[in-house]
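For reference, the structure is listed below as structure tokens.
Index from 1, following the sequence. Here the structure is a predicted model, which is why all the values come from computation and not from measurement.
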Amino acid sequence: MKREHLILIAIIVLGAFLRFYKLDTQYIRFNDTFWRLTPALELSKGILPNSYGGMPGISFLFFPVMLIKSSVMAAQIVIALFGVALIPLSYYFSKKLSPENKITPVLLALFIAINPSFVALSKVMMWDIVVLSFLVIALITTYMTAKNNSFYFTIGHFVLLFFLVFLKAPNLLFFPFSLAYILYVRCFDSLKEIFSNVDASFNKLFTRRTKDIWIGVVIFFILYGLYLYFFPTIRSQFESGGGEGFFQEAYYSLNLRGTVRTLIVPLNTPATNMYFALQAYSGNYLLLAFFATFQILIAVWGIFSFKNRKYAVFLLSIFFAYAVFYFFFTGWSARYLCISIFILLFFLSLGIDKIIETIKKQKFSRMFFFSSCLLIGLIIASFFSASSLYTMEKEWGTEKSLKENFIEINYKDAPYILKRAENENVSLIVSSYGKWLEFFKITEDRNIEILDMFDIESEEDLIGIINERLKNNEVIWYIKGWPEGYEWGNIPQMCN
């Protein structure tokens, strides 16, 4: 076995340890978690869900998990496994894109393994690390589809692009850039073949080289049309340009601060999980600016040293597309920039590879000293990143950590609530945490109706339903949820 592979195995083991150390199910954001997990459980029990929380692909992806084991911990373990799988996946990505760079794949795998945000997102009941894994696969298949004319591989790639949208609607951003890159590479290759063969016809070559692409595009839009048809909530969001969640100027300055703070220091992304936004706005800005100087210079070096210019443009397009799109989102969170962070870490790894090469070749020259300074600065930044990761791991599961991550109530309270409600002949429970209660209603086999307030179109409809039940002398409970839960949990900064 090659030394490189032994190092990779060691990195995977390290990454797995960080992700499974003190792994539990306390780190839950009730709506984000159960809006996707409860439909997966319902599907496993043969129940047709009435909503999928905007990410139906996650519910269908975790449906087999719920078939095997109907528990939150089972889903948490699968999320952690996705986080571990991202490490060899990043190694393969780098190996495929830059086979001439020997250090880059190992460095990228290491950075993914120890990145504080990626570790945290692998240890919580959130879905971003799962989505990131499929985005990285799509980065690889985009490159491979552009390079070969395999019909079935191309079709598979466009089905994967649809699955990205099925997982999370904003991933529609990926489609046009992937298509543009593939078409550009195929057309460029056609021109080269024409110049090398005077008898070749551009029209024939173009048709032959792109026929599978257009079939893939048609399949993508057929699937996308069916997706919008069967999920009308997502269609209405699409038609309204995202609704009230986008383009509110009051959020722009905060979103800009958070975006810049996150992306200028890819090695020092926030060591938190649930509500990345507040952590992204905080920190020692002077120290972060110091770290950013080295990381930006090295990443830029990596961009310009990357031999595949066309693919570099594609990666940078994806990087900026996601960063700009979420800048306009009122619920901005640093975890939405996972793919942008990944791309930066790749270029950073390339830059380090070139720096080490320069130090070896140009001893005691100006470039030698400049490269050495960049490397020393990066080592210092890595030390601080490791320090924040160590603190996060040490405090994981403690009251301090839970408070910092805005865990307002214990999700295991649900069985007690449902049992007590059944004993008191409650016929209906109304809550904005309805999907959480529904999950345990199914697993505990309770015969109580749960009404999730987010499933009701208007306040008038909700009041009408409740009043109608009260007229029949039924007992109705209201369970505090979002955002009152934060007040109940003594987290006043979240109540607004």
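- The two residues Ala321 and Leu173 come nearest to each other via the heavy atoms O-CD1, 3.9 Å.
- Taking the ring centroids of Tyr27 and Trp396, they lie under the 6.0 Å cut-off.
- Using a 4.5 Å cut-off on side-chain heavy atoms (C-beta onward), Leu23 and Met73 make contact.
- Relative ring orientation between Tyr52 and Phe231 is described as perpendicular, the plane-to-plane angle rising above 60° on a 0-90° scale split at 30° and 60°.
- In this structure, OH on Tyr433 lies 12.0 Å from CD1 on Ile479, to the nearest 0.5 angstrom.
- Using a 4.5 Å heavy-atom threshold, the side chains of Ile376 and Ile380 count as touching.
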**Request:** Go through the steps to decide whether Ile341 and Phe118 satisfy the test side chain to side chain contact (heavy atoms under 4.5 Å, CB included), and finish with yes or no.
**Result:** CA-CA 10 Å; Ile341 295 168; Phe118 291 164; 3.9 Å; yes
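- Within the 4.5 Å cutoff, no side-chain heavy atoms of Val313 are placed close to those of Tyr184.
- Separating the OG1 atom in Thr269 from the CG atom in Asn115 is a distance of 3.5 Å, to the nearest 0.5 Å.
- We find the CZ-CG distance between Phe346 and Leu350 to be 4.0 Å, quoted to the nearest 0.5 Å.
- The closest donor-acceptor contact from the side chain of Arg19 to the backbone of Ala113 lies under 3.5 Å.
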**Message:** Applying ring-ring contact (aromatic ring centres under 6.0 Å, His included) to Phe175 and Phe220, what does each step give before you reach the verdict?
**Reply:** CA-CA 9 Å; Phe175 172 76; Phe220 174 87; 4.0 Å; yes
**Request:** Just do the ring-ring contact (aromatic ring centres under 6.0 Å, His included) check on Phe93 and Phe342 with the steps written out, would you?
**Result:** CA-CA 11 Å; Phe93 166 81; Phe342 178 88; 5.4 Å; yes
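- The shortest distance between side-chain heavy atoms of Phe20 and Val84 falls below 4.5 Å.
- Ring pair Phe166/Phe60 is tilted by interplanar angle, where 30° to 60° counts as tilted.
- Between Phe163 and Ile137, every side-chain heavy-atom pair lies at or beyond the 4.5 Å cut-off.
- Taking the six-membered ring for Trp and thresholds of 30 and 60 degrees, Phe329 and Tyr336 have ring planes inclined between 30 and 60 degrees apart.
- In this structure, a donor-acceptor pair under 3.5 Å is present between the side chains of Ser178 and Thr142.
- Between the CG atom in Leu132 and the CG atom in Leu167 there is a gap of 11.5 Å [rounded to 0.5 Å].
- Of all heavy-atom pairs between Ile303 and Arg309, the closest is O-NH1, 3.8 Å.
- Using a 4.5 Å heavy-atom threshold, the side chains of Tyr326 and Pro170 count as touching.
- When the ring pair (Phe, Tyr, Trp, His ring centres under 6.0 Å) test is applied to Tyr91, no partner is found at least two apart in sequence or on another chain.
- For the residue pair Ser431 and Tyr478, no side-chain donor N or O sits within less than 3.5 Å of a side-chain acceptor on the partner.
- Under a cut-off of 6.0 angstrom, the local environment of NZ in Lys307 is sparse, with at most 12 non-hydrogen atoms contributed by other residues, nucleotides or ligands.
- Judged purely by atom type and a 3.5 angstrom limit, Lys95 has no side-chain atom pairing as donor or acceptor with the backbone of Lys102.
- Residues Leu89 and Ser133 come closest through the heavy atom pair CD2-O, 3.4 Å.
- For the pair Lys168 and Trp127, the NZ or CZ position fails the cation-pi test of under 6.0 Å to the six-membered ring centre and within 45 degrees of the ring normal.
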**Message:** Pair Tyr311, Leu139 - check side chain to side chain contact (heavy atoms under 4.5 Å, CB included), show working.
**Reply:** CA-CA 10 Å; Tyr311 196 78; Leu139 289 176; 3.6 Å; yes
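- In this structure, the side chain of Ser98 engages the main chain of Ser94 through a donor-acceptor pair within 3.5 Å.
- In this structure, Asn101 contributes its side chain and Thr104 its backbone to no donor-acceptor pair below 3.5 Å.
- Side-chain rings of Tyr322 and Phe325 stay apart, their centers remaining 6.0 Å or farther from each other.
- Residues that satisfy the side chain to side chain contact (heavy atoms under 4.5 Å, CB included) test with Phe304, not counting sequence neighbours, are Val300.
- Tyr390 pairs by the side chain to side chain contact (heavy atoms under 4.5 Å, CB included) definition with Lys394, not counting sequence neighbours.
- Once rounded to the nearest 0.5 Å, the distance linking CG of Leu297 with CG of Leu374 reads 5.5 Å.
- Tyr181 and Ser317 are not linked by any side-chain donor-acceptor pair at a separation below 3.5 angstrom, with hydrogens and angles left out of the test.
- We find the OG1-CD1 distance between Thr145 and Ile140 to be 11.5 Å, quoted to the nearest 0.5 Å.
- No donor-acceptor pair under 3.5 Å is formed between the side chain of Asn171 and the backbone N or O of Val165.
- Remark: side-chain polar atoms of Thr38 are not paired, donor with acceptor, to backbone N or O of Trp35 under 3.5 angstrom.
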**Request:** For the pair Met55 and Val131, evaluate side chain to side chain contact (heavy atoms under 4.5 Å, CB included) and give the outcome as yes or no after the intermediate values.
**Result:** CA-CA 10 Å; Met55 298 173 69; Val131 176; 4.2 Å; yes
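- Using cut-offs of 30° and 60° for the angle between ring planes, the Tyr224 and Tyr227 rings count as tilted.
- Residues Tyr252 and Phe328 place their aromatic rings such that the two centres sit under 6.0 Å apart.
- For the pair Thr33 (side chain) and Met125 (backbone), a donor-acceptor distance under 3.5 Å is present.
- Checking each of Leu316, Thr262, Leu263 against Ser340 for a side-chain contact (heavy atoms from CB on, under 4.5 Å) leaves exactly one that passes, namely Leu263.
- For the residue pair Phe439 and Val72, the shortest heavy atom distance occurs at CE2-CG2, 4.0 Å.
- In this structure, Lys354 contributes its side chain and Phe306 its backbone to no donor-acceptor pair below 3.5 Å.
- At distances below 3.5 Å, at least one donor-acceptor pair connects side-chain atoms of Asp452 with backbone N or O atoms of Lys435.
- Proximity of Phe327 to Leu256: side-chain heavy atoms (C-beta onward) are separated by under 4.5 Å at one or more points.
- With hydrogens and angles ignored, the 3.5 Å screen pairs a side-chain donor or acceptor of Gln295 with a backbone N or O of Leu267.
- The two atoms that bring Leu402 and Gln26 nearest to each other are CD1-OE1, 3.3 Å, heavy atoms only.
- Contact record, Ile87 with Ser90: O-OG, 2.6 Å, taken as the closest heavy-atom pair.
- Defined by atom type and a distance below 3.5 Å, a donor-acceptor pair is missing between the side-chain atoms of Asn268 and Ser388.
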**Asked** Yes or no on side chain to side chain contact (heavy atoms under 4.5 Å, CB included) for Met126 and Arg29, after CA distance, side-chain angles and deciding distance?
**Response** CA-CA 8 Å; Met126 302 288 277; Arg29 281 197 76 181; 4.1 Å; yes
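- Side-chain contact between Ile129 and Leu86: present, with at least one pair of heavy atoms (C-beta onward) separated by less than 4.5 Å.
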